Amino acid sequence: MDSAFDIVKAIIAGKRRGMIRPLQALEQDIAKEYTGDNLQADLDGLVAAKILHRGPTINNTYYTIITNK
């Protein structure tokens, strides 16, 4: 089973390779790949730990990886 973070990272990496903007993973796309028990709890934990940033879209929620610069 891939973690929610691994799924987000893979989605963003695929977009980066294909030069598809924006570099963010939609919650619906993460859910398609996630096989764990509680996706929302896993994503909430990653946001609380400041590993992921969550933001709204018109019909969904997006996640991006927070990078320290």
Side-chain angles (χ1 to χ4, degrees):
M1 173 181 85
D2 285 336
S3 70
F5 179 74
D6 291 337
I7 295 168
V8 170
K9 192 165 64 170
I11 290 170
I12 292 173
K15 287 185 171 186
R16 183 173 284 122
R17 280 192 302 274
M19 292 198 245
I20 301 169
R21 301 280 180 200
L23 294 177
Q24 51 191 224
L26 294 177
E27 188 170 350
Q28 66 188 17
D29 296 334
I30 300 166
K32 289 177 189 174
E33 302 296 325
Y34 187 75
T35 58
D37 294 332
N38 193 340
L39 174 60
Q40 196 59 55
D42 287 348
L43 291 171
D44 289 346
L46 292 167
V47 170
K50 299 189 184 301
I51 296 170
L52 295 180
H53 168 77
R54 174 182 13 231
T57 66
I58 293 172
N59 296 320
N60 211 317
T61 302
Y62 73 85
Y63 293 87
T64 57
I65 298 171
I66 295 174
T67 56
N68 296 329
K69 295 185 180 190

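Source: prediction; values computed, not measured.
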Checklist outcome for this item: In this structure, CD1 of I11 is separated from CD1 of I20 (nearest 0.5 Å) by 11.5 Å
Checklist entry - Is there a chain of hydrophobic side chains (I, L, V, M, F, W, Y, each step under 4.5 Å between heavy atoms) that links Y62 to I7? => result no
Item to check | Gap separating the CD1 atom of I51 from the CG atom of L43, nearest 0.5 angstrom | outcome: 11.5 Å
Checklist entry - Are V47 and L23 connected in the hydrophobic side-chain network, where two residues link if heavy atoms are under 4.5 Å apart? => result yes
Next on the checklist: Let's go through F5 and D42 carefully: what are the C-alpha distance in whole Å and the side-chain angles of both, what is the deciding distance for side-chain contact (heavy atoms from CB on, under 4.5 Å) to 0.1 Å, and is it a yes or a no?
Outcome noted: CA-CA 8 Å; F5 179 74; D42 287 348; over 6 Å; no
Next on the checklist: On a heavy-atom basis, which atom in A4 and which in L46 lie closest, and how many Å separate them?
Outcome noted: CB-CD1, 4.1 Å
Next on the checklist: Show the nearest heavy-atom pair for residues Y63 and I12, with the distance to one decimal.
Outcome noted: O-CD1, 4.1 Å
Item to check | I30 side chain near V8 side chain, heavy-atom distance below 4.5 Å | outcome: yes
Item to check | K15 atom NZ, neighbour heavy-atom count above 12 within 6.0 Å | outcome: yes
Checklist entry - Out of T64, T61, I65, which one pairs with Q24 under the side-chain contact (heavy atoms from CB on, under 4.5 Å) rule? => result T64
Next on the checklist: To the closest 0.5 Å, what do you measure between CD (E27) and CG (L39)?
Outcome noted: 6.0 Å
Checklist entry - What residues form a side-chain hydrogen bond (donor to acceptor under 3.5 Å, both in side chains) with D44, not counting sequence neighbours? => result Q40, R54
Checklist entry - Do we see a donor-acceptor contact under 3.5 Å between the side chains of N60 and T57? => result no
Checklist entry - How many angstroms lie between atom CG of D6 and atom CD of E33, to the nearest 0.5 angstrom? => result 12.0 Å
Checklist entry - Say you draw a straight line from CZ of R21 to CZ of R16; how long is it, rounded to the nearest 0.5 Å? => result 7.5 Å
